[in-house]
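Reckoned from all heavy atoms, side chains included, excluding hydrogens, waters and symmetry mates. Since we're looking at a predicted model, the values are computed, not measured.
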Amino acid sequence: MYIIFLGAPGAGKGTQAATLARELNLVHIASGDLFRQALEQETELGIQAKSYMEKGMLVPDEITIRMVLERLSTPDCESGAILDGFPRNLKQAETLDQALVQQAKAIDKVVYIKVSDKELLRRLSERWVCPSCQAPYHTTDSPPRVRGRCDRCDSELQKRPDDTAEAIKKRLEVYFAQTAPLIDYYCQTGKLLEVDGEGSVDEVRRRVVSALHHGELAYPRL
Ligand code: ADP
Ligand code: ZN
């Protein structure tokens, strides 16, 4: 089972994708996390991606596609995966479709999490993340139990370097120009499920589960 989470930066894709992956026992592949890990480990990939990420630009397709397809080809993804942050433009979506077809696989559903621009800005500008386990926090919506520390692993929370006003603006621009057209692309294949992304994390989670239930697939474990 292959599910894509689609939505703007700040829509809550990462949070929902991680939860669903746990519930369905599928691998969660977040392209942004893969890049951030590579950056932290100072690998060649990290060095290549750094300047693009800091500016809020897309990392070139060649690099991104290779990284995600490599991750998808490992044995733990054999029975499926949840993709979050990829594909982010038409070229990536088409390449992914082709790669899956070659393995007699296909995307099952695309969950599009819809959030207003105003809410996206509010969320991104007050976002904090755990550098060790990637858990996200928000100053007022979902503060950590102890100020500045991760609930799960006690690491010191950080601002993402691309959560500056300037980079946020760029990421949203890139999203509307390049990623939003994928809504149509997947709608045409009948795979798109639109979910209202405003409200609490749990409200959105329930909407995601119910959208998947009402989709044609059977999700026995949910
Ligand atoms: P967000 O969705 O909050 O913008 P991500 O963590 O998904 O953040 O991605 C962070 C950055 O990593 C992006 O701004 C971009 O530079 C890079 N990136 C992630 N996924 C892709 C992708 N599919 N194609 C190109 N660049 C990507
Ligand atoms: Zn943590």
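To the nearest 0.5 Å, atom CG of residue Leu124 and atom NZ of residue Lys159 are 8.5 Å apart. Rounding to the nearest 0.5 Å places NE2 of His28 at 10.0 Å from CD of Gln134. Atoms CD1 and CG, from Ile107 and Leu192 in turn, are 12.5 Å apart once rounded to the nearest 0.5 Å. With rounding to the nearest 0.5 Å, the separation of CG in Asp33 from CD in Glu40 is 10.5 Å. In this structure, CD in Glu70 is found 9.5 Å from OG1 in Thr74, a value given to the nearest 0.5 Å. Rounded to the nearest 0.5 Å, atoms CG (Leu6) and CD (Glu194) are 10.5 Å apart.
Side-chain N or O atoms of Thr64 include one that pairs as donor or acceptor with a backbone N or O of Val59 at under 3.5 Å. Ser142 contributes no side-chain N or O that, together with a main-chain N or O of Tyr137, makes up a donor-acceptor pair within less than 3.5 Å. Looking at Lys191, its side chain never comes within 3.5 Å of a backbone N or O of Ile4 through a donor-acceptor pair. The main-chain N or O of Gly10 is found under 3.5 Å from a side-chain atom of Arg123 such that the two form a donor-acceptor pair. Looking only at distances, a side-chain donor or acceptor of Thr19 sits under 3.5 Å from a matching main-chain atom of Thr15. Looking at Lys13, its side chain never comes within 3.5 Å of a backbone N or O of Ile113 through a donor-acceptor pair.
Inspection of the Tyr185 and Asn89 side chains reveals no N or O donor paired with an N or O acceptor under 3.5 Å. Side chains of Asp202 and Ser200: no donor on one and acceptor on the other come within 3.5 Å.
Of all non-hydrogen atoms in Leu96 and Pro87, the two that sit nearest each other are CD2-CD, 3.9 Å. Heavy atoms only, all atoms of each residue included: Gln16 and Val208 are closest at OE1-CG2, 4.3 Å. For Leu212 against Leu193, the heavy-atom pair with the smallest separation is CD2-CD1, 3.6 Å. Of all non-hydrogen atoms in Ala81 and Leu72, the two that sit nearest each other are CB-CD2, 4.0 Å. Gly85 and Ser31 make their closest contact through O-OG, 2.9 Å (heavy atoms, listed as atom of the first residue, atom of the second, distance). What you find for Leu120 and Pro9 is that their closest heavy atoms are CD2-O, 3.4 Å.
Taking 4.0 Å as the cut-off between side-chain N and carboxylate O, Glu23 and Arg205 count as a salt-bridged pair. Ion pairing between a basic and an acidic side chain is recognised when a charged N comes within 4.0 Å of a carboxylate O; Glu126 and Arg122 show no such pairing.
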Stepwise side chain to side chain contact (heavy atoms under 4.5 Å, CB included) check, Ile65 with Phe86: CA-CA 9 Å; Ile65 291 170; Phe86 182 94; 4.1 Å; yes
Side chain to side chain contact (heavy atoms under 4.5 Å, CB included) evaluation trace for Met53 with Arg36: CA-CA 9 Å; Met53 293 178 72; Arg36 278 183 290 275; 3.8 Å; yes
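Within 6.0 Å of atom NZ in Lys114, 12 or fewer heavy atoms from other residues, nucleotides or ligands are found, so the atom counts as exposed in its surroundings. At most 12 heavy atoms of other shown residues, nucleotides or ligands fall within 6.0 angstrom of atom CD in Glu62. The number of heavy-atom neighbours closer than 6.0 Å to CD of Glu198, taken from other residues, nucleotides and ligands shown, is above 12. Heavy-atom neighbours of Tyr52 OH from other residues, nucleotides or ligands within 6.0 Å: at or below the threshold of 12. For Lys105, the NZ atom is densely surrounded, since the number of other residues' heavy atoms within 6.0 Å is greater than 12.
Side-chain contact between Val101 and Gln98 is absent, with no heavy-atom pair separated by less than 4.5 Å. Put simply, the side chain of Ser132 does not reach to within 4.5 Å of the side chain of Cys150, judged on heavy atoms. Side-chain contact between Ile3 and Leu83: absent, with no pair of heavy atoms (C-beta onward) separated by less than 4.5 Å. Between Phe5 and Leu20 the shortest side-chain heavy-atom distance falls below 4.5 Å. Proximity of Ile29 to Asp84: side-chain heavy atoms (C-beta onward) are nowhere separated by under 4.5 Å. Annotation: side chain of Pro143 is not in contact with side chain of His138 (no heavy-atom distance under 4.5 Å). By the 4.5 Å heavy-atom criterion applied to side chains, Met1 and Lys109 are not counted as neighbours. Residues Arg71 and Val27 have side chains in contact (heavy-atom distance under 4.5 Å, counting atoms from C-beta outward).
Residues Leu34 and Ile47 fall into different hydrophobic clusters, defined by Ile, Leu, Val, Met, Phe, Trp and Tyr side chains chained together at heavy-atom separations under 4.5 Å. Tracing side-chain contacts under 4.5 Å through hydrophobic residues (I, L, V, M, F, W, Y), one never reaches Val129 starting from Leu121; they form parts of separate clusters. If you chain together hydrophobic residues whose side chains sit under 4.5 Å apart, Leu69 and Leu90 fall into the same group. One hydrophobic cluster, built from ILVMFWY side chains closer than 4.5 Å, cannot hold both Val201 and Val111; they sit in different ones.
Among Leu157, Asp154, Asp151, the single residue meeting the side chain to side chain contact (heavy atoms under 4.5 Å, CB included) criterion with Cys130 is Leu157.
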Got a list of side-chain donor-acceptor pairs under 3.5 Å for residues 166-179, not counting sequence neighbours?
residue, atom, partner, partner atom, Å
Arg171, NH1, Asp162, O, 2.4
Arg171, NH1, Asp163, OD1, 2.9
Thr179, OG1, Arg88, O, 2.7

